[in-house]
Amino acid sequence: LSNLVQGYYTTPALTATTGNQVLSSNGVANKSIKYVISATHSTGTHAAEVLLINDGTNAYFTQYGDAYSASSLFTLSSDISGGNMRLLTTPANTNTTFKTFQIRLT
């Protein structure tokens, strides 16, 4: 397990509902990453797991295990930009705070 990297990250509250804000960015050499995401807002909480992979040109993800207290707080997408595989989010509400835990193999 020496090639296993884990990390916990908190983003400042995203103050806008602008589409495709960067939630995480890692070099494309990281071919696969697993995330646990938790978003909080005054209206509730939303958690999900995500698997993100890339082939050097495109990024692909699957989102599963969603649980939320009232309604969904975000949608996700992915891309590759500047040599980085990115997990992107569009919050449903302003001032949504995200916490992510990621596991990647290097």
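Here the structure is a predicted model, which is why all the values come from computation and not from measurement.
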d(Ser78 OG, Leu88 CG) to nearest 0.5 Å is 7.0 Å
For Tyr64, the other hydrophobic cluster members (4.5 Å side-chain criterion, sorted by chain and number) are Leu51
One should read off an interatomic distance between Asn93 CG and Ser71 OG, to the nearest 0.5 angstrom, of 7.0 Å
Table please: side-chain donor-acceptor pairs of residues 12-21 below 3.5 Å, with sequence neighbours left out.
unit_1: Asn20; atom_1: OD1; unit_2: Ser77; atom_2: OG; d: 2.7
unit_1: Gln21; atom_1: NE2; unit_2: Ala16; atom_2: O; d: 3.0
unit_1: Gln21; atom_1: NE2; unit_2: Thr18; atom_2: O; d: 3.0

Quiz item: Does the side chain of Val50 reach to within under 4.5 Å of the side chain of Thr100, using non-hydrogen atoms?
Solution: no
### Message
Val22 vs Asn84, test: side-chain contact (heavy atoms from CB on, under 4.5 Å). Steps then yes/no.
### Response
CA-CA 11 Å; Val22 178; Asn84 291 309; over 6 Å; no
Those residues at least two apart in sequence (or on a different chain) that pass side-chain hydrogen bond (donor to acceptor under 3.5 Å, both in side chains) with Asp55 are Tyr60
Residues passing the salt bridge (Lys or Arg N to Asp or Glu O under 4.0 Å) test with Asp79, sequence neighbours excluded, are Arg86
dist Ile53:CD1 -> Asn58:CG (nearest 0.5 Å) comes out at 10.5 Å
So CG of Asn54 and CD1 of Ile80: to nearest 0.5 Å the spacing works out to 4.0 Å
So the ring pair (Phe, Tyr, Trp, His ring centres under 6.0 Å) pairs with at least one residue in residues 68-88 (sequence neighbours excluded) are His46-Tyr68, His46-Phe74, Phe74-Phe98
To the nearest 0.5 Å, atom CD of Glu49 lies from atom CD1 of Ile37 at 9.5 Å
Hits for salt bridge (Lys or Arg N to Asp or Glu O under 4.0 Å) against Lys31, two or more places apart or cross-chain, chain-then-number order -> none
In short, Val28 meets Met85 closest at the heavy-atom pair CG1-N, 4.0 Å
d(Lys34 NZ, Gln102 CD) to nearest 0.5 Å is 13.0 Å
- [ ] Return yes if some donor-acceptor pair links the side-chain N/O of Ser69 with the main-chain N/O of Thr45 below 3.5 Å, else return no.
- [x] yes
* Asked: Passes side-chain contact (heavy atoms from CB on, under 4.5 Å), Thr43 versus Leu73? Steps please.
  -> CA-CA 9 Å; Thr43 61; Leu73 294 179; 3.7 Å; yes
